[in-house]
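Every number for a ligand or one of its atoms is a count from 1 in the order of the listing. Predicted model only: the values in this text are computed from it and were never measured.
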Amino acid sequence: MKLTLRVWRQKNADAPGAMSTYEVDGISQDMSFLEMLDTLNEELILVGDDPVAFDHDCREGICGACSLVINGDAHGPERTTTCQLHMRSFQDGDTIDIEPWRASAFPVVKDLVVDRSAFDRIIQAGGYISAPTGTAPEAHATPVPKPDADFAFEHAECIGCGACVAACPNGSAMLFTSAKINHLNVLPQGAPERETRVLDMVGQMDSEGFGGCTLTGECATACPKGIPLPSISAMNKEWLRATRKVHR
Ligand code: FES
């Protein structure tokens with residue numbers, strides 16, 4: 001395949017950015033999207049140009065590091081992570097626009113790399129359980145009803161990639177935050193910090209400058225792990241419950 005790539009280039013957070021156009025040839029349909037970018041970078045390095053900076057780590061759809069807006073869609077045309085997107089989703093001769101996540105809470109670091117540490121700070125605010133150290137407790141010591149276990153597992157699938165924020169017209173992080181709250185709040189292990197968790201994490205989310213949810217649903221559509229939109233309603237319910245309990 002021969003492709004025209006229009007790639008966002010930006011030297012650093014303070015420099016102005018712009019789209020640059022590159023031609024790449026000999027791209028196999030079996031390559032992943034990131035392997036296609038590796039090919040571009042090899043060519044850029046050979047001619048002495050600065051390679052395109054982009055985030056990646058596992059390249060297996062697990063870590064959530066990869067983060068590209070491809071032809072206007074977070075993670076591209078398939079419902080998967082950028083690293084699991086393959087070039088068979090494109091046609092020979094295509095022009096592909098490649099941009100970083102677009103959200104004021106995710107400032108561009110360089111080219112296609114954005115700073116997603118806002119997510120880390122939301123997790124630090126309460127996305128954990130406090131447990132005494134020691135050997136792992138016996139699994140049956142704390143029974144968890146099957147529907148609760150399924151609910152927790154569904155939300156624990158969030159890999160924190162940020163596609164929800166990038167896809168949302170408001171730059172809202174409510175799908176991410178709700179996934180992280182819901183998967184702990186429903187479990188008995190998460191009960192001791194149930195109220196402080198939701199209040200602190202939502203407070204941190206707001207202070208990071210993410211927008212609010214207006215239920216457009218783009219977040220759930222873009223999520224490569226299928227976190228459902230009602231996750232946000234469940235978080236709002238938790239937040240209301242917590243505020244009432246704290247005020248009582
Ligand atoms: S590189 Fe880890 S999910 Fe894509």
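Residues satisfying the salt bridge (Lys or Arg N to Asp or Glu O under 4.0 Å) criterion with E208, sequence neighbours excluded, are R121. Not counting sequence neighbours, the partners of D30 by the salt bridge (Lys or Arg N to Asp or Glu O under 4.0 Å) test are R88. By the side-chain contact (heavy atoms from CB on, under 4.5 Å) test, N12 is found to be paired with D14, A15, residues two or more places apart in sequence or in another chain being considered.
In this structure, the ring of F90 has its center less than 6.0 angstrom from the ring center of F33. Aromatic rings of H56 and F54 (six-membered ring for Trp) have centroids within the 6.0 Å cut-off, being under it.
A salt bridge links R241 with E195: the closest approach of a Lys/Arg side-chain nitrogen to an acidic carboxylate oxygen falls below 4.0 angstrom.
Within a radius of less than 2.8 Å around atom 4 (Fe) of ligand 1, the protein N, O or S atoms are C66 SG, C83 SG.
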